[in-house]
Number of protein chains: 2
Amino acid sequence: MLSQKTRYTIRALQHLADHWQQGAVRLDAVAEAQNIPRKFLTVILAELVREGLVISHRGRDGGYELALPPVDIRYGDIIRLTRGSLALVPCASRNAHEHCTNCLPEVECRLRGLMLTLRDEMAAMLDRMTLADPIEVEPPFADDPAPALAD
Amino acid sequence: MLSQKTRYTIRALQHLADHWQQGAVRLDAVAEAQNIPRKFLTVILAELVREGLVISHRGRDGGYELALPPVDIRYGDIIRLTRGSLALVPCASRNAHEHCTNCLPEVECRLRGLMLTLRDEMAAMLDRMTLADPIEVEPPFADDPAPALAD
DNA sequence: GTTTAACTCTACCTAATCAGTAGACAACTG
DNA sequence: CAGTTGTCTACTGATTAGGTAGAGTTAAAC
């Protein structure tokens, strides 16, 4: 599962991408539009600024904007950034490789073999998509009708 | 990430698959061969017995064996069982769907759209592979030579 | 029919992580 | 220089992960 923070991060970036080249977007605007706790969002955005994905402007009429064109920010990068890795097990990460604890030697671990293949498939998809891509939304599943929007 | 427990579960099942139709495999044999804490493994196997994936035999010469031929146990099923879902966000699960907290209405959530597509790709792969499939292992990454096996 | 090596079950524990908040401070603009 | 904005360090409460303890139950073998 992606953590709540990763999900907020992605939605925040999508919001900034939607307002690309329209000037800085205020924190509150993002928080309200995306339904993200304001205070938590400051933490998230500060991190994105440190990472160089976002630029902030202080003072009156300040706010945030993407540091790069949306087309240059891939979903794979965002997830790697917030989560460290795309892989489902530490030993199958190509960017943040670690040995699993209590595992077999990697050279004979079939779980690792499987997860490497899966990781590569996931990466291929997530690195193909950028913040500039329109994404088709899907209707909620029928057996689980959307309740009133959680407030 | 898959939890440690899910990883143990998969490796334990792979071990039983390797000994399919060779009689019951003792708990200790699995624990030692797969480097899984013995006591924790009892919890895991008891769960698999309850779920009907594994059969246990008590008493002398007891042990565990798969309840189904390996070819009938898909990796996707194992993960769904231990993890509830293949999806990376609750709202993108087709089997255990839940609304995300603090999200947009699902019908306009692009993160959900993306994660549904990803989920379906992951599912396609994991449901194609079963415990009967040989899996190619890969050598450890060069920049991170395998240390002595953790004891 | 007793032994004995297995499995089973409930309960518990500790440490880490997650999700989020508090509050003082710094910077920019009009 | 007032007011609005972002920045930073620290903290907290709840949940989950990972695993252990220990008493009890089976059933094959002898």
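All chains are named by letter (A, B, ...) in the order of the sequence lines, taking the proteins before the strands, and each is independently numbered beginning at 1.
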Measure the spacing between [atom1] of [X] and [atom2] of [Y] and express it to the nearest 0.5 Å.
X: L88(B); Y: L88(A); atom1: CG; atom2: CG; value: 7.0 Å
X: N35(B); Y: C100(A); atom1: CG; atom2: SG; value: 11.0 Å
X: L126(A); Y: E121(B); atom1: CG; atom2: CD; value: 8.5 Å

Run the side-chain donor-acceptor check on residues 17-30 of chain A: report pairs under 3.5 Å with partners two or more places apart or on a different chain.
unit_1, atom_1, unit_2, atom_2, d
D18(A), OD1, R110(B), NH1, 3.1
D18(A), OD2, R110(B), NH2, 2.7
H19(A), ND1, Q22(A), OE1, 3.3
D28(A), OD1, R38(A), NH1, 2.5
D28(A), OD2, R38(A), NH1, 3.1

Tell me the interatomic distance from [X], atom [atom1], to [N], atom [atom2], rounded to whole angstroms.
X: E51(B); N: dT8(C); atom1: CD; atom2: P; answer: 14 Å
X: I36(B); N: dG19(D); atom1: CD1; atom2: C1'; answer: 13 Å
X: Y64(A); N: dC28(C); atom1: OH; atom2: P; answer: 14 Å
X: E65(B); N: dA6(C); atom1: CD; atom2: P; answer: 16 Å
X: E47(B); N: dG19(D); atom1: CD; atom2: P; answer: 14 Å
X: D61(A); N: dT5(D); atom1: CG; atom2: C1'; answer: 9 Å
X: L27(B); N: dT26(D); atom1: CG; atom2: P; answer: 19 Å
X: R60(A); N: dT29(C); atom1: CZ; atom2: P; answer: 12 Å

- Ignoring the backbone of R58(A), work out which of dC7(C), dG3(D), dA26(C) is nearest its side chain.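 Per side-chain heavy atoms of R58(A), the pick is dA26(C).
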- Message: At 4.0 Å (heavy atoms only), tell me whether L45(B) reaches a base, stays on the sugar-phosphate, or touches nothing.
- Response: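 No contact at all - L45(B) keeps every heavy atom at 4.0 Å or more from the nucleic acid.
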Close N/O contacts between protein and nucleotides 17-21 of chain C (under 3.5 Å):
unit_1, atom_1, unit_2, atom_2, d
dA19(C), OP1, Q4(A), N, 3.2
dA19(C), OP2, Q4(A), N, 3.3
dG20(C), OP2, Y8(A), OH, 3.2

Output a table of donor-acceptor pairs, distance under 3.5 Å, between side-chain atoms of residues 54-67 of chain B and any protein atom two or more places apart or on a different chain; print 'none' if there are none.
unit_1, atom_1, unit_2, atom_2, d
H57(B), NE2, E65(B), OE2, 2.6

- Side-chain N or O of R26(A) less than 4.0 angstrom from OP1 or OP2 on dG6(D)? no
- Query: Given dT8(C), is OP1 or OP2 found less than 4.0 Å from the side-chain N or O atoms of S56(B)?
  - Reply: yes
- Do E106(A) side-chain atoms and F141(B) backbone N/O form a donor-acceptor pair below 3.5 Å? no
- Donor-acceptor pair, T42(B) side chain versus K39(B) backbone, under 3.5 Å? yes
